[in-house]
Amino acid sequence: MASTAHILLSMTRPHRNCAPPIPTRQKSLSAQLNSLRTLSLHNSITRDRSIAKEIDRARKNNSGFRANNLQVRLQDQSLPVGTLLGGGAGDSAEFGRWGAFVTGNVDFGKQEKNSALESDFQTNMLIAGVDYKVSNNVVLGAALTHSDTNAGDDKTANTDFRRYSLSLFGSLYSRDKFYLDGMITYGTSAYDLDRRIVRDAGGYDTSSAKTDGDELSASLGAGYNLQHNNINARLFTFINYVDTNIDGYSENVSGNSSAAVVDGMDLQSLIANIGVELSWNINTGVGVFTPMLSIAHEHQYADDSVYVTGRFVGGLDEGKFAYTAPNRDDNYLTAQIGVNAVLPNGISGFISYDTFVDRKDFGSGQLSVGVRWEF
């Protein structure tokens, strides 16, 4: 007797209509469809992780952990960190309820490493947001994100897209111990696609297309903070669901090769991780600097069995086709190293680098720089 999980999985898999695969002369289409699938989801996941880190900073900057436990030496006086961020020397917890932040990310790497579909990509991302301290235990906020992704090369296929999104988030926390974060995001994307099609007689034709898409994501994070003197440890978990839709499109071809008409794609990702972050506070004459490093184990519960259908129009390949995306590496590690700084006049900032560890099919390095102002 089949298990309940097997029955449910079978019900959710797309119906295979036995259409032939994409022919070799059109292999650049396979690379492009895989790039659409991989990078559309990766872009959303990267953004959601970045905003989750901003929620963490907003929470820390509104908790007794920071204001009551850290001291800074300025002009031979020992001052609470809360004073640097707007509070009075006699009452470190009373600082501005509002926070504003700006973060810039550069994300670069390779998709489908060590395979015929391997290609480079780079994403530039800008996030700007505000948050508000509702009470000593609740922070609410919103963020706008713009990203620009370029992938592939001129010899096979280029996949470029721009994305705008709005995120709403909140955090519930018990001062410097337990916290629970939540976020929901909606975004829209515009895709520019071009590729080369190999001619049997030699040479190649070129094709181009444009399409749009939208996405909805939700995430939930939780953690627990431990502290001993200036050493901090955080145990955390993060669950992130993404549903991305890409509209169907039709190619324009420069020569006599077959043009692809691609049906719409519905892509999902469900990721959960568990990890630990270690940091230590260094008091200086200009502020508090906090180096940190973290590592987490991550598992992908979706993003498999991606099946794309369409048809070729004109030329030798006229007729239906079907593309099944390769399976992804479901288990891997993520790591981050960075430093945060709390400075006078309500200013704080950070710089960090994130990467995957032991992920076989995908490589990514993300450099992030951000600044935050509390008022």
Side-chain angles (χ1 to χ4, degrees), residues 14 16-43 108-124 147-163 188-214 244-267 306-328 361-363:
R16 277 28 178 186
N17 60 6
C18 298
I22 295 172
T24 301
R25 68 172 66 88
Q26 297 274 0
K27 64 181 180 179
S28 60
L29 179 60
S30 298
Q32 192 160 73
L33 293 176
N34 188 66
S35 185
L36 280 170
R37 168 259 194 130
T38 302
L39 296 180
S40 293
L41 292 174
H42 177 69
N43 179 276
F108 49 91
K110 290 182 179 294
Q111 54 179 331
E112 301 305 324
K113 296 190 301 181
N114 305 315
S115 78
L117 299 179
E118 179 178 293
S119 64
D120 297 330
F121 73 89
Q122 178 174 320
T123 297
N124 300 318
S147 63
D148 194 338
T149 297
N150 301 282
D153 58 71
D154 292 333
K155 295 181 179 180
T156 53
N158 288 301
T159 304
D160 303 331
F161 65 93
R162 298 167 303 283
R163 177 171 287 170
T188 60
S189 304
Y191 298 85
D192 292 319
L193 312 171
D194 62 80
R195 64 186 183 94
R196 287 186 176 186
I197 306 168
V198 178
R199 301 188 195 122
D200 290 347
Y204 60 87
D205 294 325
T206 60
S207 73
S208 62
K210 294 181 180 294
T211 190
D212 299 311
D214 60 9
T244 296
N245 296 286
I246 301 175
D247 296 341
Y249 61 90
S250 300
E251 292 181 331
N252 295 311
V253 177
S254 64
N256 296 321
S257 295
S258 301
V261 178
V262 180
D263 298 334
M265 286 178 271
D266 186 12
L267 311 171
V306 175
Y307 189 69
V308 182
T309 59
R311 66 187 186 277
F312 290 111
V313 177
L316 297 175
D317 302 314
E318 185 155 5
K320 293 181 178 181
F321 69 82
Y323 170 73
T324 302
N327 290 334
R328 305 299 305 276
D361 64 328
F362 189 86

Given 3.5 Å as the limit, does a donor-acceptor pair link the side chain of Q26 with the main chain of S258, or not?
yes
For F161, which residues count as a ring pair (Phe, Tyr, Trp, His ring centres under 6.0 Å) partner, sequence neighbours excluded?
Y191
Calculate, to the nearest 0.5 Å, the distance between atoms CG and NZ belonging to D120 and K110 respectively.
3.5 Å
Contacts of T244 that satisfy side chain to side chain donor-acceptor pair (under 3.5 Å) - sequence neighbours left out:
none
Could you state the interatomic distance from CG (D247) to CG (D214), rounded to the nearest 0.5 Å?
7.0 Å
Which heavy-atom pair separates I197 from R25 by the least distance, and what is that distance?
CG2-O, 3.8 Å
Do the side-chain N and O atoms of T123 and S147 include a donor-acceptor pair separated by under 3.5 angstrom?
no
If you compare all heavy atoms of S119 against all heavy atoms of G152, which two are closest, and at what distance to 0.1 Å?
CB-CA, 4.0 Å
Could you tell me whether the side chain of D205 and the main chain of S257 form a donor-acceptor pair under 3.5 Å?
yes
Distance-only, no hydrogens or angles: does the R199 side chain make a donor-acceptor pair with backbone N or O of Y204 under 3.5 Å?
yes
Roughly how far, to the nearest 0.5 Å, is CG of L39 from OG1 of T149?
6.5 Å
One should read off an interatomic distance between N245 CG and D266 CG, to the nearest 0.5 angstrom, of 4.5 Å
Are L36 and L193 close enough that some pair of their side-chain heavy atoms sits under 4.5 Å apart?
yes
Heavy-atom count check: over 12 atoms from other residues, nucleotides or ligands less than 6.0 Å from N256 CG?
no
N34 (side chain) donor-acceptor with R37 (main chain) under 3.5 angstrom
no
Side chain proximity check, Q111 to H42, heavy atoms < 4.5 angstrom
no
Under the side chain to side chain donor-acceptor pair (under 3.5 Å) rule, collect the residues that match up with D194, sequence neighbours excluded.
N158
All heavy atoms of S207 vs all of V253, minimum pair found to be CB-CG2, 3.9 Å
For a quick test of reading the model, state the closest non-hydrogen atom pair linking A209 to S250 and the distance between them.
CB-O, 3.7 Å
Could you walk me through whether I246 and V262 pass side-chain contact (heavy atoms from CB on, under 4.5 Å), step by step?
CA-CA 10 Å; I246 301 175; V262 180; over 6 Å; no
Nearest heavy-atom neighbours spanning F321 and A260
CE2-CB, 4.4 Å
Please round to the nearest 0.5 Å and tell me the distance separating atom CG of N124 and atom CZ of R162.
13.0 Å
Any side-chain to backbone donor/acceptor pair from R163 onto S40? Under 3.5 Å, distance only.
yes
Taking all non-hydrogen atoms of both residues into account, name the closest pair between T159 and Q32 and its distance.
OG1-CG, 3.5 Å
Report the distance from atom CG of D160 to atom CZ of F121, rounding to the nearest 0.5 Å.
13.5 Å
With a 4.5 Å cut-off on side-chain heavy atoms, are D361 and R328 touching?
yes
